[in-house]
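If you're wondering where the values come from, they're calculated on a predicted model, not measured in any experiment. Note that ligands are numbered from 1 as they come in the structure, with each ligand's atoms numbered from 1 the same way.
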Amino acid sequence: MKTLSDPLKAAPPSGAQAQRIHAERFTVLTPDPLPLREHLFDDRADLAVALAEAVAADLRAAIARRGHARLAVSGGTTPRAFLIELSKQTLDWAHVTVVPVDDRWVAPDHPRSNERLLRETLFQGDATQAQLLPLRRPTETPESALLPVLTQVANEALPLDVVVLGMGEDGHVASLFPDLQRRDIGLQPTGRAPVLAVRSASAPEPRITLTLSAIFTAPSLYLHIEGAKKRGVLDGAACDPRSKLPIRSVLSGAPVVPMLFWSP
Ligand SMILES: O=C(O)[C@H](O)[C@@H](O)[C@H](O)[C@H](O)COP(=O)(O)O
């Protein structure tokens, strides 16, 4: 933490000096970045294996503790290798429930469907014994399916044991985008609806997403970030208390220290 000399004790300022001291006086001190437990990998394939092993260990511990485990994972392109590696892990998959942290409101066989991604990657081999809890329903809009999805998530997926979040280059997580209209629901750390329907200029289709109130029920919270640009966005949000990016809400609101799995 940088400390500044107290400008009030300095000699009476003049002109430009006054400008500087005024600026110094109200400069937001760069706080220590919000805590992250970082695991750095030079090779993305190594990251995928390590993350799969860490998540599998958490799932085994949850099954041992309470007889079942609940996992929420992100979609998109980054997690494909990790999800394939996770499907190879040996554990009691029949006692695991898997829910996507979000999904696009497209048919489950659509190339952009996260449900399809899970069926193609994680739900292979023994892992097909796990229960998949899709967020998408065969209705026209996510809003029209929100109540049944919210009810099922609340009854069958919460509290979560493990969450793996990705992040977009705009700092979104799940489908909680920077232009999220209902930040009061989506980004509050507790006490809000676990599921939200989202429409955003950032997304080509309507979305349905877990909220941070649901995501933060997990004692194991992983951030899976790849690429220098995303790392820059993450670090910027971690160091700027004025950041309004959803990833900042994750870092500042999470009840546990997130575990960052990062590769350039
Ligand atoms: O449905 C989604 O898109 C994800 O859940 C989303 O939150 C994802 O993690 C980021 O958009 C990063 O996506 P990439 O891995 O494709 O960069």
Side-chain angles (χ1 to χ4, degrees), residues 41 44-45 47-48 51-52 55 71-86 98-122 132-137 142 149 153 157 160 162-180 182-183 186-187 194-216 218 221-237 245-251 253-254 258-264:
F41 298 85
R44 294 181 176 184
L47 183 156
L51 181 55
V55 167
L71 166 66
V73 289
S74 288
T77 56
T78 302
R80 184 171 283 271
F82 150 66
L83 292 169
I84 291 169
E85 290 301 329
L86 183 58
V98 181
V99 59
V101 293
D102 67 336
D103 213 341
R104 298 80 181 273
W105 209 256
V106 295
D109 61 353
H110 189 285
R112 284 183 55 79
S113 164
N114 287 340
E115 180 183 339
R116 172 175 163 172
L117 171 70
L118 286 173
R119 293 190 192 280
E120 288 176 345
T121 56
L122 178 53
L132 174 58
L133 200 168
L135 295 183
R136 197 234 174 226
R137 294 292 185 279
V149 174
V153 164
L160 293 163
V162 189
V163 175
V164 183
L165 288 179
M167 187 191 77
E169 291 184 354
D170 62 354
H172 82 260
V173 296
S175 287
L176 304 167
F177 294 98
D179 67 352
L180 181 67
R182 296 308 306 267
R183 297 175 69 95
L187 299 181
V195 180
L196 188 60
V198 172
R199 293 172 186 272
S200 167
S202 310
E205 63 280 295
R207 300 286 189 97
I208 191 160
T209 186
L210 297 187
T211 62
L212 293 190
S213 287
I215 289 165
F216 285 169
L221 176 58
Y222 295 89
L223 296 180
H224 180 187
I225 306 277
E226 294 179 357
K229 189 167 180 188
K230 287 187 181 183
R231 183 66 204 249
V233 170
L234 175 71
D235 290 346
L245 295 182
I247 188 63
R248 171 78 194 188
S249 298
V250 171
L251 299 175
M259 291 170 278
L260 172 62
F261 276 61
W262 139 252
S263 181

Self-check item: Polar contact flag for Gly75 and ligand 1 (N/O pairs, less than 3.5 Å)
Solution: yes
Quiz item: Less than 3.5 Å between some nitrogen or oxygen of Ser175 and one of ligand 1, yes or no?
Solution: no
Quiz prompt | Any donor-acceptor N/O pair, Ser263 side chain to Phe41 backbone, under 3.5 Å | solution = yes
Quiz prompt | Lys/Arg-Asp/Glu bridge criterion (N-O < 4.0 Å) met for Arg116, Glu120 | solution = yes
Quiz item: Which word best sums up how the rings of His224 and Phe82 line up, parallel for under 30°, tilted for 30 to 60°, or perpendicular for over 60°?
Solution: perpendicular
Exercise. Decide whether the shortest distance between a heavy atom of Lys230 and an atom of ligand 1 is less than 4.0 Å.
Key: yes
Exercise. Output yes when Glu169 and Lys229 qualify as a salt bridge under the 4.0 Å nitrogen-oxygen rule, no when they do not.
Key: yes
Quiz item: Does Arg136 come within less than 4.0 Å of Glu115, counting only side-chain N to carboxylate O?
Solution: no
Practice problem: Could you tell me whether the side chain of Pro134 reaches within less than 4.5 Å of the side chain of Pro100, counting heavy atoms only? | Solution: no
Self-check item: From Asp102, Val173, Asp170 - option closest to atom 4 (C) of ligand 1 by heavy atom
Solution: Asp102
Exercise. Could you list the atoms of ligand 1 found under 4.0 angstrom from a heavy atom of Ala174?
Key: 6 (C), 7 (O)
Self-check item: Test item, Arg207 contacting ligand 1 (heavy atom, 4.0 angstrom)
Solution: yes
Quiz prompt | Heavy-atom proximity to atom 13 (O) of ligand 1, best of Ala72, Pro100, Gly76 | solution = Gly76
Quiz prompt | Those atoms of ligand 1 less than 4.0 Å from some heavy atom in Asn114 | solution = 1 (O), 2 (C)
Exercise. For Asp170 and Ser202, indicate whether the former's side chain and the latter's backbone hold a donor-acceptor pair under 3.5 Å.
Key: no
Self-check item: Closest approach of any protein heavy atom to atom 10 (C) of ligand 1, naming residue and atom
Solution: His172 NE2, 3.4 Å
Quiz item: Does an N or O anywhere in Gly168 fall below 3.5 Å from an N or O of ligand 1?
Solution: no
Quiz item: Nearest protein heavy atom to atom 15 (O) of ligand 1, by residue and atom, and its distance?
Solution: Thr78 OG1, 2.6 Å
Practice problem: Mark the output for Glu169 as yes if a heavy-atom distance to ligand 1 is under 4.0 Å, and as no if none is. | Solution: no
Quiz item: Among protein heavy atoms, which sits nearest to atom 14 (P) of ligand 1, and what does the distance come to when rounded to 0.1 Å?
Solution: Thr77 OG1, 3.5 Å
